[in-house]
Amino acid sequence: MLTTLPNFLTLSRIAVIPLLIGAFFLDKPTAHWVAAGLFAAASLTDFMDGYLARSWDQVTRLGQFLDPVADKIMVAVALFMMVATEWMSGWLIMPALVILVREILVSGLREFLAEINVGLPVGQLAKWKTALQMTAISLLLLGEAAPPALGTQIVGAWGLWIAAILTLVTGYDYLRAGLSHMTGDSDEPGNKS
C-alpha cells in the first residue's frame, strides 16, 4: 500500500537518489553541503519508516521489499559518486568495497532464501552497522566543506572503517545462518531440498 506514511518515507529515499547524484556536479563547497544534507535527511527516513511502520502497525510487504533496496541503492550511489569524483580515494576505497560486496552477497542470500520460504531477520548489530555507516557517509560527503576543527573527514573515515568491520561480522552471521539452507542440511520448514 503506497499511501502509508512509512512507505512514502521509503519512496522519498529512492526519489532523493537522482538529486544526490546531481549534487556532485554543483560547485564546491555547495556540492558537499547539498550532498551531505540530502544523504543525512534520507538516512533519517530509514529510521523513521521502520519505526512508524511497526508502531502504527503499518508493516507492508511493499515496505519490507523497498526499505532494504532503498538503503542499498542510496549507500552504493553515495560511495560510487565519492570515488568517481575523487572525494574519496586511497585506502578509504577498501571499506567502501567491503560494504558494497557485503550488500550484494546479503541481497543474493535473501533472494535465495526467499525462494525456499526462509526469512533472514535483521539483527541488532546490523542495525547499528547501518546507523554508523549512514553517519560516516554523511560526514564524508560533507568533507572539506566543514570547518577543519570539526574533523568530519577523520571521523567519517574511521566510522566507515568500523562500519566495514561490522559489515564483515554481520555478513558472516547472515551467511552462516543461510548456509545450512544452501547446502541442504537444514531441517526447518520451507527447506525443499
Side-chain angles (χ1 to χ4, degrees), residues 1-24 32-82 87-88 95-111 114 119-143 152 155-171 173-174:
M1 179 178 214
L2 289 174
T3 57
T4 67
L5 181 58
N7 283 346
F8 176 77
L9 290 172
T10 301
L11 289 171
S12 73
R13 196 158 63 254
I14 294 170
V16 162
I17 292 168
L19 300 174
L20 178 62
I21 293 168
F24 281 86
H32 287 284
W33 286 106
V34 172
L38 287 170
F39 190 87
S43 297
L44 239 127
T45 67
D46 182 35
F47 167 75
M48 292 303 298
D49 63 4
Y51 174 78
L52 293 175
R54 288 184 298 277
S55 63
W56 292 354
D57 196 28
Q58 292 184 345
V59 175
T60 64
R61 288 184 182 199
L62 178 66
Q64 289 174 321
F65 165 74
L66 284 179
D67 182 60
V69 169
D71 295 348
K72 287 168 181 36
I73 294 172
M74 193 175 75
V75 166
V77 164
L79 293 173
F80 177 84
M81 290 302 294
M82 281 192 285
W87 290 12
M88 177 189 293
L97 283 173
V98 166
I99 289 167
L100 291 176
V101 167
R102 182 264 194 195
E103 296 303 349
I104 293 167
L105 174 72
V106 170
S107 294
L109 180 61
R110 284 183 189 279
E111 184 178 337
L120 191 61
V122 177
Q124 191 61 41
L125 186 59
K127 291 179 183 181
W128 281 105
K129 181 268 311 174
T130 299
L132 179 60
Q133 179 178 281
M134 299 292 198
T135 302
I137 292 172
S138 296
L139 293 172
L140 289 169
L141 286 168
L142 190 53
T152 55
V155 174
W158 275 102
L160 197 66
W161 275 103
I162 295 168
I165 292 167
L166 293 177
T167 291
L168 289 173
V169 171
T170 58
D173 288 345
Y174 286 137

Shortest non-hydrogen contact between Gly159 and Ala136, atoms and distance: C-CB, 3.6 Å

NZ-CG distance between Lys127 and Leu166, expressed to the nearest 0.5 angstrom: 15.0 Å

Test item: side-chain donor near acceptor, Thr167 and Arg102, under 3.5 Å: no

Rounded distance [0.5 Å steps], CG in Leu20 versus CG in Leu38: 6.0 Å

Heavy-atom closest contact (Ser138 atom, Ala36 atom, distance): O-CB, 3.6 Å

Distance-minimising heavy-atom pair for Arg13 and Ala70: NE-CB, 3.8 Å

Any Ile14 side-chain heavy atom under 4.5 Å of Ile73 side chain: no

Within-4.5 Å side-chain heavy-atom neighbours: Met88 and Leu160: yes

Point-to-point distance, once rounded to the nearest 0.5 Å, from CH2 of Trp87 to CE of Met81: 8.5 Å

Candidate pair Leu5 and Trp56, rule side-chain contact (heavy atoms from CB on, under 4.5 Å), full reasoning: CA-CA 10 Å; Leu5 181 58; Trp56 292 354; 3.7 Å; yes

From CG (Leu140) to OG1 (Thr135), nearest 0.5 Å: 11.0 Å

Pairwise distance CG(Asp49) to CG(Asp67) - rounded to 0.5 angstrom: 4.5 Å

Any side-chain heavy-atom pair of Phe24 and Leu141 under 4.5 Å: yes

Check: Met74 and Ser43 side chains under 4.5 Å, non-hydrogen atoms: yes

Residue pair Lys129, Leu132: steps toward the side-chain contact (heavy atoms from CB on, under 4.5 Å) verdict: CA-CA 5 Å; Lys129 181 268 311 174; Leu132 179 60; 5.9 Å; no

Distance-minimising heavy-atom pair for Ala164 and Ile99: CA-CG1, 4.2 Å

Chi angles and distances behind the side-chain contact (heavy atoms from CB on, under 4.5 Å) call for Thr45, Thr10: CA-CA 7 Å; Thr45 67; Thr10 301; over 6 Å; no

CD1 on Ile137 to CE on Met134, rounded to 0.5 Å: 7.0 Å

